[in-house]
Amino acid sequence: MKHKLKMLLRELVARAVYHTPLWRLCDLLAPRRLVILAGHCVEAPSNDFLPPEMKIREETLEEILGWLNRRFEGVRVADGWRRLGEGGGKSLFALSMDDGYRDNVTHLLPLAERVGVPVTVYLESRPLDEQRVNWTHKFFWLVERLGVEELGIRYADETEVEPDNVRTHQVLAEGVEVVYRWKRALKYDFDPLERDRVIDSIFTAEGGDEAALCEELYMDADGVTALAEAGWELGGHTISHHVLSGLGEEAQREEVQGGRQVLMDRHGVGCESFAYPFGRRWDYNETSVEVARDAGFECAVQTHAGACTRTSDAFHLSRWMIDDEAALHLIAAEACGAFELFRRVGLDLSE
Ligand SMILES: [Zn+2]
């Protein structure tokens, strides 16, 4: 009930500031802020097989960016964080895109130039450097070809673990949102090395070509150069997109610092800011923060909704995840400071 009331209040506040000039009053009352949007892909043939929550249509994104750009100033993430510290001026917004997909170059670059906003892209280094993709893409590729049920059966056949323990049967029996649930189980509950081995072997048996999949899905070195020349920020996102909290300190350092080194040395990327892979609070820990700071990043972003102000922690910057279902009135309420005003009295309407 409490949750329902909160959601109702959230809708009312957001609609009020979106449809009336009340947003101006909130903007004046709330501290200067930076709202960072986070997505992955703009819908394009190259990312057809990825799930809908990783994609946004050009029209939807252009409407969101246009609304924000008419009221606030669009910046790159690291610049925005620095500018917050300087004080004064309009509030800020940034668009960030994770992983480094090809559509960011082919579809997002012209859109961003049309709207007139810079973008920050967080790059995994392995797709660029070794033409290899992380397990999630092979998983989605297999789900598209085999269906989740058949994939589950083959997965259970491939492992020596009892099916009950790997939860395959349980996950399949639940029936709803099965792909999402299974991806979550693979992400957190399975041994990462064993998971990668099994996914790889099914992927290969199905005729999957990792380098070809990588080339189709991810941008190449020329794409990175084109974005850098357009004035975009290119940040770090590890080598291979592991859940950092599941790794020891040494392995985290290799992923975070190693990824940054490759991007800077071989691709001339600036790497001022960093995005924790998956980005939920439980996906990284204090070691990840330390490692990111030691590696030389100025700030780091996660994926819990909220606004950043000058008192925010530089290594826990909030971001609003966007896909084609993104609600502009909610983003508007965060961007104009309405949600920040509620947060200051102890009520978080962002999530
Ligand atoms: Zn990512």
Side-chain angles (χ1 to χ4, degrees), residues 36-42 44 46-47 49-56 77 94-105 108 119-130 132-141 179-180 183-184 186-188 192 195-196 199 213-214 216-219 223-224 227 232-247 251-252 254-256 258-260 262-263 267 269 271-285 288-289 291-292 295 297 299-305 315-323 326:
I36 309 170
L37 306 177
H40 293 91
C41 298
V42 175
S46 61
N47 55 53
F49 69 97
L50 294 184
E53 69 270 16
M54 290 185 72
K55 296 186 278 196
I56 187 163
V77 171
L95 171 65
S96 63
M97 299 294 266
D98 288 5
D99 304 345
Y101 296 104
R102 179 171 289 276
D103 57 80
N104 292 186
V105 182
L108 180 56
V119 181
T120 300
V121 174
Y122 292 108
L123 297 165
E124 289 172 66
S125 71
R126 182 164 283 169
L128 260 179
D129 220 41
E130 301 171 42
R132 289 178 59 196
V133 300
N134 69 57
W135 68 273
T136 59
H137 300 314
K138 293 176 199 160
F139 171 72
F140 292 130
W141 186 90
V179 175
Y180 173 72
K183 184 192 160 201
R184 198 174 54 187
L186 286 168
K187 185 172 151 192
Y188 295 117
R195 174 201 62 210
D196 290 355
I199 294 272
L213 182 63
C214 185
E216 184 189 348
L217 197 56
Y218 282 87
M219 68 180 75
V224 172
L227 299 186
W232 289 20
E233 178 187 353
L234 298 162
H237 197 39
T238 72
I239 296 176
S240 54
H241 214 280
H242 277 291
V243 175
L244 288 176
S245 55
L247 302 176
Q252 289 205 41
E254 172 55 25
E255 277 287 328
V256 176
R260 185 172 195 261
V262 166
L263 292 175
H267 301 281
V269 163
C271 270
E272 295 149 87
S273 64
F274 174 71
Y276 303 104
F278 304 105
R280 307 298 284 172
R281 281 182 202 104
W282 46 90
D283 294 325
Y284 65 100
N285 54 25
S288 326
V289 172
V291 160
F297 290 107
C299 55
V301 295
Q302 32 99 328
T303 52
H304 289 274
F315 284 81
H316 296 275
L317 298 180
S318 299
R319 292 193 295 169
W320 267 85
M321 295 307 289
I322 51 166
D323 58 19

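Values below: all heavy atoms of this structure, side chains included; hydrogens, waters and symmetry mates excluded. Given the structure is predicted, the values throughout are model-derived calculations rather than measurements. Order of appearance sets the numbers: ligands from 1, and atoms from 1 within every ligand.
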>> Holding to side chain to side chain donor-acceptor pair (under 3.5 Å), I want the full list of residues that pass it with D99, two or more places apart in sequence or in another chain.
In response: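 For D99, the residues satisfying side chain to side chain donor-acceptor pair (under 3.5 Å) (neighbours in sequence not counted) are Y101, H237, H241.
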>> Can you list everything that forms a side chain to side chain donor-acceptor pair (under 3.5 Å) with K55? Sequence neighbours excluded, please.
In response: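 Result, side chain to side chain donor-acceptor pair (under 3.5 Å) vs K55: none returned.
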> Has R260 got its NZ or CZ under 6.0 Å from the middle of the six-membered ring of F274, at an angle within 45 degrees of the ring axis?
Replying inline: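 Verdict for F274: no cation-pi partner in R260.
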> With sequence neighbours left out, what residues match Q302 under side chain to side chain contact (heavy atoms under 4.5 Å, CB included)?
Replying inline: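 Result, side chain to side chain contact (heavy atoms under 4.5 Å, CB included) vs Q302: Y276, Y284, H304, H316, S318.
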>> Check for me: within less than 2.8 Å of the Zn ion (ligand 1), which protein N/O/S atoms show up?
In response: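 Per the 2.8 Å query on the Zn ion (ligand 1), atoms found are D99 OD1, H237 NE2, H241 NE2.
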> How far apart are the closest heavy atoms of A44 and D103, and which atoms are they?
Replying inline: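 Scanning both residues completely, I find the closest heavy atoms to be CB-CB, 3.9 Å.
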> Hey, are the side chains of V224 and L263 touching, using non-hydrogen atoms and a 4.5 Å cut-off?
Replying inline: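 Side-chain contact under 4.5 Å: no.
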